[in-house]
Undergrad: 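The structure follows.
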2 protein chains.
Amino acid sequence: MTDTAQFTDWLTHDQQQHWRCYLEGNARLWDALARDLESQTDLSLSEYEILVRLSERKNTAMRMSELADELAQSRSRITHTVRRLEERGLVIRSQTPGDGRGVNCTMTPTGRDVLQQAAPIHVASVRTRLVNVITDEELAVLGRMFARLARQDSDEDHHC
Amino acid sequence: MTDTAQFTDWLTHDQQQHWRCYLEGNARLWDALARDLESQTDLSLSEYEILVRLSERKNTAMRMSELADELAQSRSRITHTVRRLEERGLVIRSQTPGDGRGVNCTMTPTGRDVLQQAAPIHVASVRTRLVNVITDEELAVLGRMFARLARQDSDEDHHC
DNA sequence: AAGAGTTAGTTGAAGGCTCAAATATTGAGC
DNA sequence: GCTCAATATTTGAGCCTTCAACTAACTCTT
């Protein structure tokens, strides 16, 4: 836009092609996963993911900020989603012992039931939509690739 | 849940690991791309993508349903987004000649200006966040993988 | 050429996400 | 121990997306 603007380093034809395939495939994959889960359970993907993380902890409890960090979601979003889950009786919130600012989110027995019913459905969906469509080799490449991206981007978050 | 329920075919440890890396990396990637674009331009990612597709056509025009199909978005979503773009003067809508039901979406000169200003910013972002972080080899695997997923899922859409 | 079914697109309400601002608590430095 | 900055979380408004219902036009059949 200005005299000093540099020429843009556009993507090559092949890069662009691959990038677009990812764009479309990714969109369709998420659509499919969300539809699969929501049509057969009462959980959205983000609700499901919260319950899964809780289920992996001692006492099925985590702090709000831990949830936010692990799920790469904003604190605000976690607050809203957890509030809805709490209204439905799937989790309860309580103060953290040590830190007066902290809030602990604990899964209730009802929450566990709902999760246990949803889990097989979601896993089957992930298989059908992704894992069974690509090779284990490819899945491994995918995992390593995105682990690198995540590291890179979350590093940048804490740059200040 | 019932007596006849089959045992779930859970993911292996490695598969789960890779799947989670993808989950997190993907979330962070999209966050970063959206923030990069929205902080430096007046376009959201979905608005940007619509303008890009239009820019590639003769007369920078496409039908609404073509947009929906290419971008893997619902017709409703396209309608809403295009309405907002039209209100801002970046596109205009008109009837398609042959088909009385069809609506053509055409990019205006203003739209082209906005796109041309945004494009280098977005491309730089895609490079920084993805293309420069992985190898060309990996990008190719990514592209082929998701092309296969897209084919699979969009086939299923038309299953009836 | 009339009716049934399909396709294209829009609409508005409901709900989730984002953003910025607000509250409350903790920790650091003096 | 007081002040200032940082951390943890919440709040509510605004925007975007989804969903189901609606209009309109085309097409296929008979």
Side-chain angles (χ1 to χ4, degrees), chain A residues 27-28 30-39 42-50 61-88 90-106 157-160, chain B residues 27-28 30-40 42-50 61-88 91-106 157-160:
Chain A
R28 291 199 193 280
W30 284 101
D31 259 33
L33 292 173
R35 258 184 299 111
D36 287 347
L37 187 64
E38 283 163 30
S39 67
D42 273 332
L43 293 174
S44 67
L45 277 176
S46 19
E47 292 167 340
Y48 176 83
E49 295 207 303
I50 289 177
M62 275 173 91
R63 286 188 61 159
M64 299 296 278
S65 45
E66 265 186 304
L67 278 170
D69 291 344
E70 283 207 15
L71 298 177
Q73 293 184 6
S74 72
R75 276 109 205 282
S76 175
R77 182 172 171 187
I78 292 290
T79 295
H80 285 304
T81 309
V82 165
R83 180 178 44 68
R84 271 175 254 127
L85 288 173
E86 189 172 34
E87 281 166 3
R88 292 169 53 191
L90 308 189
V91 304
I92 51 171
R93 278 182 287 188
S94 53
Q95 282 208 328
T96 49
D99 188 338
R101 299 164 299 182
V103 171
N104 250 44
C105 177
T106 309
D157 287 348
H158 317 315
H159 70 316
C160 49
Chain B
R28 291 200 194 278
W30 284 102
D31 258 34
L33 292 173
R35 259 185 299 110
D36 287 347
L37 187 65
E38 283 162 30
S39 66
Q40 299 173 65
D42 274 333
L43 294 174
S44 68
L45 277 177
S46 17
E47 292 166 341
Y48 176 83
E49 295 206 303
I50 288 177
M62 276 173 89
R63 286 187 61 158
M64 300 296 280
S65 46
E66 266 187 303
L67 279 170
D69 292 344
E70 283 206 15
L71 298 177
Q73 293 183 7
S74 72
R75 276 111 205 282
S76 174
R77 183 173 171 185
I78 292 289
T79 295
H80 286 304
T81 309
V82 165
R83 180 178 44 68
R84 286 188 294 265
L85 288 173
E86 190 173 34
E87 281 165 3
R88 293 168 54 189
V91 304
I92 51 171
R93 277 182 288 189
S94 54
Q95 282 209 327
T96 49
D99 189 338
R101 298 164 298 181
V103 170
N104 250 43
C105 177
T106 309
D157 286 349
H158 318 314
H159 70 314
C160 47

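A, B, ... follow the sequence lines: proteins, then strands. Residue 1 opens every chain. It should be emphasised that the depicted structure is a prediction, and the values quoted were computed from it without experimental measurement.
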Undergrad: Identify whether any heavy atom of A:Ser65 sits under 4.0 Å from a base atom; if not, whether one sits that close to sugar-phosphate; answer base, sugar-phosphate or nothing.
TA: sugar-phosphate
Undergrad: Rounded to the Å, how far apart are B:Gln95 CD and C:dT10 C1'?
TA: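 Value for this atom pair: 13 Å.
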Undergrad: Can you tell me if B:Gln40 uses its side chain to pair, donor with acceptor, with the backbone of B:Asp36 under 3.5 Å?
TA: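 A pair under 3.5 Å: yes.
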Undergrad: Using the heavy-atom set of chain B and a strict 4.0 Å cut-off, write down the first and last nucleotide of DNA chain D that makes it in, 5' to 3'.
TA: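 First and last nucleotides in contact are D:dC16 to D:dC26.
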Undergrad: If you pin A:Asp99 and A:Arg83 to their nearest nucleotides in DNA chain D, which one's is more 5'?
TA: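 Mapping each residue to its closest nucleotide by heavy atoms, the 5'-most match is A:Asp99.
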Undergrad: With a 4.0 Å cutoff (strictly under), does any side-chain N or O of A:Ser46 reach OP1 or OP2 of C:dG16?
TA: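 Result: no.
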Undergrad: Could you check how far CZ of A:Arg84 sits from P of C:dA14, rounded to whole Å?
TA: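 Whole-Å distance recorded here is 16 Å.
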Undergrad: Quickly work out the B:Arg101 CZ to C:dT6 P distance and round it to whole Å.
TA: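 It works out to 13 Å between those atoms.
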Undergrad: Looking at every strand, decide which applies to A:Thr96 at a 4.0 Å heavy-atom threshold: base, sugar-phosphate, or nothing.
TA: nothing
Undergrad: Whole Å only: how far is the CG atom of B:Leu33 from the C1' atom of C:dT18?
TA: 17 Å
Undergrad: Side-chain donor or acceptor of A:His80 under 3.5 Å from a matching atom on the base of C:dG15?
TA: no
Undergrad: Are A:Arg63 and A:Asp99 close enough, and set up right, to give a side-chain contact (heavy atoms from CB on, under 4.5 Å), and what steps lead you there?
TA: CA-CA 11 Å; A:Arg63 286 188 61 159; A:Asp99 188 338; 3.8 Å; yes
Undergrad: Using atom types as modelled and distance alone, determine if a side-chain donor or acceptor of A:Thr81 lies under 3.5 Å from a backbone N or O of A:Ile78.
TA: no
Undergrad: So which one's nearest nucleotide on DNA chain C is more toward 5', A:Gly100 or B:Val103?
TA: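 The residue mapped nearer the 5' terminus is B:Val103.
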Undergrad: Rounding to a whole Å, what distance do you find between B:Asp69:CG and C:dT7:P?
TA: 12 Å
Undergrad: Would you indicate what A:Ser74 reaches in the nucleic acid, counting non-hydrogen atoms under 4.0 angstrom: base, sugar-phosphate, or nothing?
TA: sugar-phosphate
Undergrad: Tell me the interatomic distance from A:Ile78, atom CD1, to C:dT18, atom P, rounded to whole angstroms.
TA: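 It works out to 10 Å between those atoms.
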Undergrad: Answer with yes or no whether the side chains of B:His80 and B:Arg83 bring together a donor and an acceptor at under 3.5 Å.
TA: yes
Undergrad: For A:Ser44, report the nucleic acid contact type (base, sugar-phosphate, nothing); a contact means any heavy atom under 4.0 Å.
TA: nothing
Undergrad: Starting at atom CD of B:Glu70, determine the distance to atom P of C:dA8, rounded to an integer number of angstrom.
TA: 15 Å
Undergrad: Could you go step by step and tell me if B:Glu47 and B:Val91 meet the side-chain contact (heavy atoms from CB on, under 4.5 Å) rule?
TA: CA-CA 11 Å; B:Glu47 292 166 341; B:Val91 304; over 6 Å; no
Undergrad: So which atom in A:Glu49 and which in A:Leu71 form the shortest heavy-atom distance, rounded to 0.1 Å?
TA: CB-CD2, 4.0 Å
Undergrad: What heavy-atom pair brings B:Leu85 and B:Ile50 nearest, and what distance separates the two atoms?
TA: CD1-CG2, 4.0 Å
Undergrad: Write down the distance between CZ (A:Arg75) and C1' (C:dA21), rounded to a whole number of angstrom.
TA: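 Result: 16 Å.
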